[in-house]
Asker: 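I have a structure I would like to understand better, so I am pasting it below and will then ask my questions one at a time.
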Amino acid sequence: MIGRDELLALAREASTRAYAPYSNFHVGAALQFADGSVVTGANVENASYGLSLCAETVAVGKVLSEGGRRDLVSVAVTGGAPGRAGQGATVTPCGRCRQMLNEVAQLGGTDPVVWCDGDEVVETTLSALLPHAFGPANLAKP
Ligand code: THU
């Protein structure tokens, strides 16, 4: 298992692969699981702006489409101008991304720590970012 700074470094590396020609804001996310595996994502924008995908959403899509339940233990998110991820205002996951991350977390029954990069690195948890979350358990068959 790697710690905060190493996971943030992987998120920053992922941000260099962002496809963000419209906002020019390059975001990277790194999701670490209990088995030590890490899945990263970067934002993928579209000429039809509203279709753009956030870095965390891309990472969650990779995890769930690769199959298998994995316990999500930590998340790092970073963003900024190209080559400047982690500089400036702290980047926290947007509302939709919190919900996307919650899907993976609930499947594994974890409440991951979330490190948000910036001039000030904020450490929080998914449950603090998304209290009283709606998730897979709500739809479980009786
Ligand atoms: N973005 C992310 O990738 N994750 C977030 O949590 C916030 C926003 C992306 C979406 C868009 O491509 C760019 O950052 C500017 O909003």
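Because the structure is a prediction, the values reported are computed rather than measured. Nothing fancy with the numbering, it's 1 onward along the sequence. In listed order, ligands and their atoms are each counted from 1.
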Asker: With a 4.5 Å cut-off on side-chain heavy-atom distances among I, L, V, M, F, W and Y, is there a chain of contacts connecting Val113 to Leu129?
Answerer: no
Asker: Do the side chains of Val77 and Val121 join up, straight or via other hydrophobic residues, at under 4.5 Å, putting them in one cluster?
Answerer: no
Asker: How about Arg84 and Gln87: does a side-chain donor come under 3.5 Å of a side-chain acceptor?
Answerer: yes
Asker: Look at atom 4 (N) of ligand 1 and say which protein heavy atom is nearest, naming residue and atom and giving the distance to 0.1 Å.
Answerer: Glu56 OE1, 2.8 Å
Asker: Which ligand 1 atoms are under 4.0 Å away from a heavy-atom of Val27?
Answerer: 1 (N), 2 (C), 3 (O), 4 (N), 9 (C), 14 (O)
Asker: Does Val58 have a non-hydrogen atom less than 4.0 Å from ligand 1?
Answerer: no
Asker: If we count only N and O atoms by modelled type, under 3.5 Å, do the side chains of Ser37 and Gln32 hold a donor and an acceptor together?
Answerer: no
Asker: So Glu66 and Leu64, side-chain contact (heavy atoms from CB on, under 4.5 Å) or not? Walk me through it.
Answerer: CA-CA 5 Å; Glu66 284 168 2; Leu64 295 180; over 6 Å; no
Asker: I need the atoms of ligand 1 closer than 4.0 Å to a non-hydrogen atom of Cys54, numbered in the order shown.
Answerer: 1 (N), 2 (C), 3 (O), 4 (N), 5 (C), 8 (C), 10 (C)
Asker: Return the residue, atom name and 0.1 Å-rounded distance of the protein heavy atom closest to atom 11 (C) of ligand 1.
Answerer: Glu45 OE2, 3.3 Å
Asker: After noting the C-alpha distance and the side-chain angles of Asn46 and Tyr22, does the key distance pass the side-chain contact (heavy atoms from CB on, under 4.5 Å) rule?
Answerer: CA-CA 8 Å; Asn46 192 276; Tyr22 307 109; 5.6 Å; no
Asker: What I'd like to find out is whether the side chain of Val73 reaches to under 4.5 Å of the side chain of Pro112, using heavy atoms alone.
Answerer: no
Asker: Quick one: which ligand 1 atoms are inside 4.0 Å of a heavy atom on Pro93?
Answerer: 6 (O)
Asker: For atom 9 (C) of ligand 1, what's the nearest protein heavy atom and its distance?
Answerer: Asn43 ND2, 3.6 Å
Asker: For ligand 1, is any non-hydrogen atom under 4.0 Å from Cys94's backbone (N, CA, C, O), its side chain (CB onward), both, or neither?
Answerer: both
Asker: Is it the side chain, the backbone, both or neither of Thr92 that has a heavy atom closer than 4.0 Å to ligand 1?
Answerer: backbone
Asker: Answer yes if Val104 and Leu101 sit in the same cluster of Ile, Leu, Val, Met, Phe, Trp and Tyr residues linked by side chain heavy atoms under 4.5 Å apart, and no otherwise.
Answerer: yes
Asker: Suppose I only count heavy atoms of Ser23 and a 4.0 Å limit; which atoms of ligand 1 are within that range?
Answerer: 13 (C), 15 (C)
Asker: Determine, using heavy atoms of Ser52 and all atoms of ligand 1, whether some pair is separated by less than 4.0 Å.
Answerer: no
Asker: Would you say Ala55 has any N or O atom under 3.5 Å from an N or O of ligand 1, going by distance alone?
Answerer: yes
